[in-house]
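The block underneath contains the structure these notes are about, expressed in structure tokens.
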Amino acid sequence: MPELPEVEATRLSFAHRIAGARLLSVRMGKSLRWPLGCAAASLTGRTVLSVRRRGKYLLIDLDRGLLLLHLGMSGSLIFSQQLPEPGKHDHFEMVTTRGTLRLNDPRRFGAVVYAASEEAPIARKLLARLGMEPLSEDFSIELFHAGLKRRKAAIKQVLLAGDVVVGVGNIYASEALFLAGIRPTVSAARLSRPRVSRLHAAIRDVLARALAGGGSTLRNFSSASGEKGHFQLEAMVYAREGQPCRVCGKAIRSLRQGQRSTFYCPVCQKA
DNA sequence: AAAAGCCCCTGGATGC
DNA sequence: TGCATCCAGGGGCTTT
């Protein structure tokens with residue numbers, strides 16, 4: 001479900017409200033991807049300092065230690081002072097003086113992991129491999145090009161891998177490549193400088209627009225405050241196999257790359 | 001070092 | 001209605 005815009009929209013929707021809250025109780029239900037890594041009860045009494053994002057991870061800074069939270073494929077957060085009884089897919093809950101943060105995740109690919117610090121082994125393992133933040137100043141055409149040059153794999157898969165640039169998931173990878181006019185199967189290393197430049201701009205453009213729309217994507221998304229995405233961003237190619245390209249009219253095609261579906265226009269993305 | 005596969009899990013849509 | 005199959009916006013881990 002969540003790519004960078006959705007994760008960031010989620011963060012923005014509750015970070016300011018939870019900052020300063022003191023933890024009253026923490027409950028970890030049916031196991032997520034990994035165990036919490038500490039006794040839930042031991043977190044009681046700690047204070048939330050801030051909520052940051054790195055890639056698709058949310059980092060909940062406490063006055064001692066931090067929580068790494070990932071929404072996986074089907075996770076969503078809600079932060080509210082009044083919540084109904086937990087449902088069968090509510091696997092993590094943190095009651096605080098400002099409200100309750102609850103993670104709902106039917107598929108349980110998500111995770112909540114405690115780390116004593118960002119330098120702790122578990123935090124390093126999860127965060128160290130992450131590539132550049134696409135919406136940050138650091139994400140330059142030069143560094144992007146340098147990162148792609150040492151990857152011979154298909155550009156779509158390199159984008160998804162997240163070790164060159166983070167946050168570009170399956171939908172936005174297809175969309176960005178369409179905007180840049182690049183065939184998803186071409187080797188990342190073989191992209192010319194001008195094409196890398198176009199892709200760089202396309203990634204920023206599509207992510208920023210989705211974020212501006214409140215994390216709007218094709219399906220339902222709502223932030224931790226219950227705000228729905230605005231759906232202002234319509235897919236050019238994603239999930240549009242057989243439908244006419246919005247630019248040239250040719251039928252959109254799909255293919256499988258690494259067990260994920262990819263969509264592209266055979267005319268607008270010639271190579 | 002990089003690439004390719006596998007796997008975790010549940011639910012919704014589709015087909016018979 | 002029931003059952004089987006396929007697919008889903010992620011990513012860590014193991015094997016080539």
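Numbered from 1 within each chain, the chains take letters A, B, ... in sequence-line order. The structure presented is a predicted model; accordingly, all values stated were derived computationally and were not measured.
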* Could you state whether A/Val237 and A/Val186 fall into the same hydrophobic cluster, counting links through intermediate Ile, Leu, Val, Met, Phe, Trp or Tyr residues with side-chain heavy atoms under 4.5 angstrom apart? => yes
* To do: Report the C-alpha distance between A/Val166 and A/Arg54 in whole Å, list the side-chain angles of each, state the deciding distance to 0.1 Å, and finish with yes or no for side chain to side chain contact (heavy atoms under 4.5 Å, CB included).
  => CA-CA 8 Å; A/Val166 295; A/Arg54 179 73 180 96; 3.9 Å; yes
* **Strand DNA chain B as a dot-bracket string - pairs counted if Watson-Crick or G-U with both distances under 3.5 Å, | where the partner lies in another strand** => .|||||||.|||||||
* Using a 4.0 Å heavy-atom cut-off across all strands, classify A/Arg260 as base, sugar-phosphate, or nothing. => base
* Separation of atom CG in A/Leu148 from atom C1' in B/dA1, rounded to whole Å -> 16 Å
* Figure out the CH2/C1' separation between A/Trp34 and C/dC13, and round it to whole Å. => 10 Å
* In whole Å, what is the span from the CG atom of A/Asp163 to the P atom of C/dG12? -> 10 Å
* Asked: In whole Å, what is the span from the CZ atom of A/Phe109 to the C1' atom of B/dC8?
  -> 5 Å
* Looking only at side-chain N and O atoms, does A/Arg256 come under 4.0 Å of OP1 or OP2 in C/dA8? -> yes
* Asked: Taking CG from A/Asp105 and C1' from B/dT10, how many angstroms apart are they, rounded to a whole number?
  -> 10 Å
* Under 4.0 Å: is that the gap between some side-chain N or O of A/Arg108 and OP1 or OP2 of B/dC8? -> no
* **Polar side chain donor-acceptor pair, A/Ser50 to A/Asp61, under 3.5 angstrom** => yes
* To do: To the nearest Å, give me how far apart CG (A/Leu71) and P (B/dT10) are.
  => 18 Å
* Asked: To the nearest angstrom, how far is A/Met73 atom CE from C/dG10 atom P?
  -> 6 Å
* Taking C-beta and beyond as the side chain, do A/Leu62 and A/Val48 meet within less than 4.5 Å on heavy atoms? -> yes
* To do: Under 4.0 Å between any heavy atoms, over every strand shown, what does A/Gly258 touch: base, sugar-phosphate, or nothing? Just pick one.
  => nothing
* Starting at atom CG of A/Asn170, determine the distance to atom P of C/dG11, rounded to an integer number of angstrom. => 11 Å
* Asked: Would a distance-only check, ignoring hydrogens and angles, find a side-chain to backbone donor-acceptor pair under 3.5 Å from A/Arg204 to A/Phe139?
  -> yes
* Looking only at side-chain atoms of A/Tyr57, point me to the closest of C/dG12, B/dT10, C/dC13. => C/dG12
* Asked: Is any side-chain nitrogen or oxygen of A/Arg151 closer than 4.0 Å to OP1 or OP2 of B/dA3?
  -> yes
* Does one hydrophobic cluster hold both A/Met236 and A/Tyr264, with members joined at side-chain heavy-atom distances below 4.5 Å? -> no
* **side-chain N/O A/His89 vs B/dT10 OP1/OP2, d < 4.0 Å** => no
